[in-house]
Amino acid sequence: MTDSTIRYEKDADGIVTLVLDDPAQSANTMNEGFIVSLGEVVDRLTTERDTIAGVVVTSAKKTFFAGGDLNDILKSHAGQAEAVMANVDRIKEPLRRLETLGRPVVAAIGGAALGGGLEIALATHHRIALNAAGVQIGLPEVTLGLLPGGGGVVRTVRLLGVVPALTQVLLQGQRHTAEKAHGLGLIDELVDDVDHLVPAAKKWIADNPDAVQPWDVKGYRIPGGTPASPALAANLPAFPANLRKQLKGAPYPAPIAIMSAAVEGALVDFDTAQKIENRYFAGLATGQISKNMIRAFFFDLQKANSLVKQYGGAGRAPVGTVAVLGAGMMGAAIAYVCAESGMNVVLKDVSPAAAEKGKAYSKTLLDKAVAKGRTSPEKAESILARILPTDRPEDTAGAQLVIEAVFEDPAVKNTVFAEIDGFIAPDALLCSNTSTLPITLLGENVSRTEDFIGLHFFSPVDKMPLVEIIKGGKTSDEALGRALAVVRQIGKTPIVVNDSRGFFTSRVIGTFTNEGIAMLGEGVSPVSIEQAASQAGYPAPVLALMDELTLTLPRKIREETKAAVLAEGKTWEPHPADAVVDRMIDEFGRKGRSTGAGFYEYADGKRIGLWSGLETFRRDGAHTEIPFEDIKERMLFIEAVETVRCLEEGVLESTTDANVGSILGIGYPGWTGGVSRYIDQYPGGIQGFVSRAQLLAARYGDRFLPPQLLLDKAATGGTFEE
Ligand code: NAD
C-alpha cells in the first residue's frame, strides 16, 4: 500500500505488526491519510484473520502518535456537528473492529501517547510502554477545549471507573509518566529498553491467544459501579457542584461536556456510549472556545517557539556555563531551570551563605521530584552537582551566558556586571531579569551594549512557561537570536518585545491589579470583585494576586515611573488605585501575603478570608453598586486596551506575542485565546468592543478610551488575527 501511513508487517508466526509511520510528517496524526490507512489495514486484518495470530501496534516515530488533526477542528463551524460526528465515526469504527477482531492486539508504546495516541492504544487488549523520560501518557484534550472523541471517554470510564477516569485522566488532561500511567491502570506493562517492546508484545500475544476487551465479556462491570449503582449514585449529585467550584464559574465548556459524556456513557452499552461521546465532542469542536484554545495553546505556541529560527538562533551550540548573579528568589529558581537543562551554573551572591541558600532551593525542588517519582536520585544528584554556589567573581570564568537577578536597583546591577567583566567569555551574552527597569538604560553601563538584553522570567520560574525577551535600543539581532536559543534550551516559550517601562507583561498586569483595587476604592464589594475575576476566568482573583505580589511593589513602580515622567517634562496622572494602596500600607499596615496581612487575612501562611476592614472602602466609596458584568469587563477590557497601546507603540510587534504573553505570563483567561482574540470576538466585533470601551470610559474613566489603532480597525472592519 503506497502512501499508507501504517506499515503492515507479518512475521513467520503470523503476528502482524502495524507500524504507524506517516511518510509525509515527522509525527503521526489523525489526518485523512491515517483515517484511510486505518480502515484499509483493519480490512486486511479481517480478510487475513485466519492466518493471523495477533497484532502489535507500534510506531516508527519519536512519539507514538501525536493526536488529532487540529486544523480540521479549526475548520469545523457551528452547523457542522453532523459532519464532525460522521468523521469521528470513521476513526471509532475501525478501532472498534480492531478490538473485536478475535485476535490479541497489543500496543507497544515507545514514545509519547497523548490524545489520539492513547485512544488507539486503549482499543488494544494490552498496553506495553517504555519506562523512560518523554514517554508521556494521557488525554490532554480538555486543555484545548475538547474531549477525546476517538473513544477515549468511553474506554477510560470502562477501564478505570467513572471517578478515576474523570479525576486522573479526563478533567485535567494530566500527562502521566509511563510509570504513573502503569500505576493508574492505563498501561499494563513496562519495559526498560526500547528493543524489548515488540518482543514483549509478541510474547503476550503468544501467552494470551484468546484475549478480548474486558468490557466485551458478558457481565463485565465498570469498576466502582455505574451511576445507577447505589455507591456512585449517592455521590453523583455532588459532581457538577464540585466541578463548578473548580472552574470558579469560568466559561470552559469542555470539562462539563466530559463529565456528561462519562456519566451518561456509563449508563448505556458501549456503542451507545460512543454515540454520546460523539455528540459532546461535536458540540465542543464546532464551538468557538476550542478554536481559541487550539490557536493559543497550540498554533501560537508553535509560532512563538519558532521565533528562534526567524532570528537565526536555531542550531547554535548549547550554552555550557551560565553565571547567575543574585541567588535570591528569582536567581535561585533560574539556576535550577538552567542546571536542569544541562548547563553548568555558577550561582553568585554577596556571601557564600547567601549563594548556598540559593542552591538549597534546587535541592528542595529535586527532593520533591524524587519523592514523587518524577526523577531518579542519580539524576537529581547530577543536576545539583552542576550548581556552584560562590561569592567570588573569578568563579564565573569562561561563562558564555550571564543572567543577572540582583536587587531591582540600577546601581547594584551595574556593579555586578562590572565585577565579572574580566572573567566571563569575551563574547558572553549579558542578560538582566529586571521586571521594570528600561533595558536601554541598563545597557548603557555594560561594556558590550549590543550583547545586552532583557530576559524576564516569571515566578515560580520552574512552573511558569514564559520568558519575555526585551530588546534594548542597542541590542543586536545576533544577541536576540542567542537569547531565543537560551530560552528554548531551558524549555521555555519566548515572546520578544521592545523596551518600555514595564515592557509588555508587567505593564499590562499592572492595569489589571490597579483596576481591581480602584473598584475597591469606589466602594464595590470585594467579594464581588474577586468573584468577577474568577468568573471571567482569571487563575487568581485580583485582590488575592495583589497580596501575592505585595502592595509595596506597585507603589515602588509608581514612584519610579512618576519620577521618570516628570523628568521628561510630562504631567503625571495619579491612578484611582493609588490612594487605596497608600491607605492599605500607611494607615492599616497591610502590605500583602508576605507580611501576613493584606486585602486578605492569613493564618500560618494560608489565606483565610477577605479582611473585614475593607468595609471602610465600601463605606467611603461612590460606586457601591455597579453591574456585575461591568466588574468583569473592566478587568478584561483594561488589559485589552493596554495591550493595543503596546501594539500601537511598537512595544509588541505581533499579536501572537500579545496572545502568548497574556495567557502564559499574566493569566489572561485561556478561554479567550488571548487578549487580541477577546477583542476580535467581542459581540459586535471590534466595533462592539470600541462602543463598550467608550461606555466604560464614560462611566469609570478615560483609561478605557480605545486607542487609535482600535478605532482604525473598527472603521475598516479589520481584525487582529494574523
Ligand atoms: P531578591 O531580593 O530575592 O534577590 C536578590 C539577590 O541578589 C539577593 O540574594 C542579594 O543578596 C543578591 N545580591 C545583591 N547584591 C549582589 C551582588 N553585588 N552580587 C551578587 N548578588 C547580589 O530579589 P528577586 O525577587 O529574586 O528579584 C531579583 C530581580 O528579578 C529583580 O531585578 C526583580 O525585579 C526581578 N524579577 C523579580 C520577579 C519576582 O517575582 N520577584 C519576577 C521577575 C523579575
Side-chain angles (χ1 to χ4, degrees), residues 322-337 345-362 388-396 399 402-421 423-424 430-439 441-443 445-446 452-470 487 492 495 497 501-510 513 540 545-557 560-561 591-594 661 664-667:
V322 55
V324 177
L325 310 178
M329 184 176 126
M330 295 302 286
I334 293 168
Y336 170 75
V337 294
V345 182
V346 181
L347 180 57
K348 186 194 168 298
D349 209 295
V350 287
S351 67
E356 281 290 354
K357 188 165 169 238
K359 179 172 174 172
Y361 177 76
S362 287
L388 171 71
T390 184
D391 64 338
R392 296 165 7 116
E394 52 272 37
D395 285 339
T396 63
V402 180
I403 304 177
E404 168 278 310
V406 298
F407 300 134
E408 189 73 335
D409 175 339
V412 182
K413 291 187 187 286
N414 293 343
T415 313
V416 296
F417 276 109
E419 255 178 15
I420 56 157
D421 209 18
F423 302 106
I424 55 176
L430 309 171
C431 309
S432 173
N433 178 47
T434 176
S435 40
T436 55
L437 299 169
I439 291 299
L441 285 182
L442 282 181
N445 294 304
V446 299
F452 186 75
I453 197 160
L455 218 52
H456 182 204
F457 289 84
F458 296 80
S459 182
V461 179
D462 60 302
K463 296 219 174 72
M464 295 289 282
L466 188 77
V467 176
E468 183 178 31
I469 300 182
I470 306 109
V487 173
K492 304 273 183 203
I495 60 168
V497 308
R501 210 158 255 285
F503 322 126
F504 163 59
T505 53
S506 303
R507 184 169 153 178
V508 172
I509 201 172
T513 48
L545 174 71
M546 195 63 252
D547 268 2
E548 293 292 326
L549 299 172
T550 76
L551 274 68
T552 43
L553 184 72
R555 177 142 87 177
K556 186 164 174 276
I557 295 172
E560 282 165 9
T561 313
K591 296 183 188 164
R593 183 184 189 140
S594 59
L664 296 191
I666 55 178

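Any value given below was found using the heavy atoms of this structure, including those in side chains, with hydrogens, waters and symmetry copies removed. For ligands, and for the atoms within them, numbers begin at 1 and follow the listed sequence.
- Considering only heavy atoms from C-beta on, L347 stays 4.5 Å or farther from T390 through its side chain.
- Taking 4.5 Å as the limit, every side-chain heavy atom of L466 sits out of range of all side-chain heavy atoms of F457.
- The protein atom (non-hydrogen) at minimum distance from atom 33 (C) of ligand 1 is E408 OE1, 3.6 Å.
- Of all protein heavy atoms, the one closest to atom 15 (N) of ligand 1 is V412 CG1, 3.6 Å.
- Scanning the protein for heavy atoms near atom 17 (C) of ligand 1, the closest one is V416 CG1, 3.3 Å.
- Each of the following atoms of ligand 1 lies closer than 4.0 Å to a heavy atom of K413: 31 (C), 32 (O).
- The shortest contact between atom 27 (O) of ligand 1 and any protein heavy atom is with M330 CG, 3.9 Å.
- Of all protein heavy atoms, the one closest to atom 4 (O) of ligand 1 is G328 CA, 3.3 Å.
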K413 vs E408, test: side chain to side chain contact (heavy atoms under 4.5 Å, CB included). Steps then yes/no.
CA-CA 8 Å; K413 291 187 187 286; E408 189 73 335; 3.4 Å; yes

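- Note: no N/O pair closer than 3.5 Å links E419 and ligand 1 by distance alone.
- Nearest approach of S459 to M330, heavy atoms of both residues: CB-SD, 4.0 Å.
- At distances below 3.5 Å, at least one donor-acceptor pair connects side-chain atoms of T434 with backbone N or O atoms of T436.
- Note that CD1 of I470 and CG of L442 are 10.0 Å apart. Values are rounded to the nearest 0.5 Å.
- In terms of heavy atoms, S432 sits closest to E404 at OG-OE1, 2.5 Å.
- Closest to atom 23 (O) of ligand 1, if we only count protein heavy atoms, is M329 N, 4.6 Å.
- Contact between D349 and ligand 1 is present, with at least one heavy atom of the residue lying under 4.0 Å from the ligand.
- The shortest N or O to N or O distance between L325 and ligand 1 is not under 3.5 Å.
- Within 6.0 Å of NZ in K591 there are 12 or fewer heavy atoms belonging to other residues, nucleotides or ligands.
- D391 has its side chain out of reach of D349: every pair of non-hydrogen atoms, C-beta onward, lies at least 4.5 Å apart.
- Closest to atom 29 (C) of ligand 1 by heavy atom, among V406, T434, L549, L437, is V406.
- Listed by number with element, the atoms of ligand 1 under 4.0 angstrom from any heavy atom of S459 are 40 (O).
- Note: no N/O pair closer than 3.5 Å links H456 and ligand 1 by distance alone.
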Would you check, one step at a time, whether the test side chain to side chain contact (heavy atoms under 4.5 Å, CB included) holds for E468 with F458?
CA-CA 9 Å; E468 183 178 31; F458 296 80; 4.2 Å; yes

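- Of the protein's heavy atoms, N433 O, 3.2 Å lies nearest to atom 35 (C) of ligand 1.
- Under 4.0 Å from ligand 1, the heavy atoms of F457 that appear belong solely to its backbone.
- Among protein heavy atoms, atom 2 (O) of ligand 1 sits closest to F407 CE2, 3.4 Å.
- At a threshold of 4.5 Å between non-hydrogen side-chain atoms, the residues H456 and I469 do not count as touching.
- The K348 neighbourhood of ligand 1 comprises atoms 19 (N), 20 (C), 21 (N), with distances under 4.0 Å to a heavy atom of that residue.
- Inter-residue side-chain proximity for V346 and V322 is flagged as unmet; no heavy-atom pair is nearer than 4.5 Å.
- Using a 4.0 angstrom heavy-atom cutoff, E404 does not count as in contact with ligand 1.
- For the ligand labelled ligand 1, residue V350 lies inside the 4.0 Å heavy-atom shell.
- Look at A405 and you'll find a heavy atom under 4.0 Å from some atom of ligand 1.
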